[in-house]
Amino acid sequence: MPLLDLINPINRDQLRNQVRGSQPVPNFAIDNFLREDFAEKVLKSFPSFEDALRDGRTFHAVNERGKVQLTDASKFPEPVAELNQLLASHEFREIMS
């Protein structure tokens with residue numbers, strides 16, 4: 001399945017207007033961004049905190065205690081890897097630009 005089929009259609013003009021009209025800084029939100037069935041797959045495959053601790057990097061600064069970061073994409077569950085590929089794809093970046 002093509003990666004862009006995992007997201008719902010995005011109205012670029014509406015998104016552009018949202019960014020330009022936002023205050024105090026440019027920002028936006030995309031409601032119902034992922035197709036519901038795909039979002040459920042990502043949610044169900046998301047690693048537990050314990051699994052993330054085993055495979056990821058922990059932080060110890062005051063504002064980062066309890067944070068775990070998993071950056072090795074080869075360790076992502078398949079749906080999370082698909083989402084990662086989608087967000088990094090040329091096609092998606094083109095929509096967002």
Side-chain angles (χ1 to χ4, degrees):
M1 170 182 300
L3 288 173
L4 289 182
D5 288 346
L6 301 174
I7 62 174
N8 289 313
I10 296 173
N11 182 325
R12 290 179 71 178
D13 292 331
Q14 182 181 18
L15 191 59
R16 182 181 302 111
N17 290 337
Q18 184 181 354
V19 170
R20 290 179 177 165
S22 60
Q23 293 294 325
V25 296
N27 66 83
F28 67 92
I30 303 174
D31 294 329
N32 302 309
F33 173 63
L34 299 176
R35 277 195 359 230
E36 189 172 348
D37 60 327
F38 180 62
E40 286 295 326
K41 287 180 184 178
V42 171
L43 176 63
K44 288 178 182 175
S45 73
F46 210 79
S48 68
F49 184 74
E50 291 74 25
D51 288 343
L53 277 174
R54 183 188 66 237
D55 296 333
R57 174 178 168 223
T58 59
F59 298 81
H60 304 288
V62 171
N63 294 332
E64 295 180 320
R65 287 191 188 126
K67 176 182 175 182
V68 178
Q69 182 180 47
L70 182 60
T71 58
D72 182 353
S74 70
K75 294 181 180 181
F76 292 173
E78 185 57 33
V80 175
E82 283 183 277
L83 178 58
N84 185 56
Q85 291 169 4
L86 164 67
L87 297 175
S89 72
H90 173 75
E91 295 85 2
F92 180 73
R93 288 182 288 122
E94 191 66 29
I95 290 170
M96 293 290 108
S97 66

Separation between CG (Leu87) and CE (Met96), nearest 0.5 Å, reads 9.5 Å
Output for pair (Asn11 CG, Ile30 CD1), nearest 0.5 Å, gives 10.5 Å
> For Gln69, does the CD atom have more than 12 heavy-atom neighbours from other residues, nucleotides or ligands under 6.0 Å away?
Replying inline: yes
_More than 12 heavy atoms from other groups under 6.0 Å of CG on Asp5_ = yes
Check whether any side-chain heavy atom of [X] lies under 4.5 Å from a side-chain heavy atom of [Y], and answer yes or no.
| X | Y | result |
| --- | --- | --- |
| Leu34 | Asn8 | no |
| Asn17 | Gln14 | no |
| His60 | Thr58 | yes |
| Leu15 | Arg20 | no |
| Glu50 | Arg54 | no |
| Leu83 | Leu86 | yes |
| Arg57 | Thr71 | no |

Do side-chain atoms of Arg12 reach the backbone of Ile95 as a donor and acceptor pair under 3.5 angstrom? yes
Heavy-atom closest contact ([X] atom, [Y] atom, distance):
| X | Y | value |
| --- | --- | --- |
| Ala88 | Arg93 | O-NE, 3.0 Å |
| Ser22 | Asn27 | OG-N, 2.8 Å |
| Glu91 | Leu4 | CB-CD1, 3.4 Å |
| Pro77 | Pro47 | CG-CD, 4.3 Å |

With sequence neighbours left out, the residues meeting side chain to side chain donor-acceptor pair (under 3.5 Å) with Arg35 are Asp37
Is there a path of hydrophobic side-chain contacts, each under 4.5 Å between heavy atoms, that joins [X] and [Y]?
| X | Y | value |
| --- | --- | --- |
| Phe76 | Leu43 | no |
| Val68 | Phe59 | no |
| Leu53 | Leu70 | no |

Query - Criterion side chain to side chain contact (heavy atoms under 4.5 Å, CB included) on Phe92 and Ile7, from CA distance to verdict - result: CA-CA 10 Å; Phe92 180 73; Ile7 62 174; 4.2 Å; yes
Ring centres under 6.0 angstrom apart (Phe33, Phe28)
no
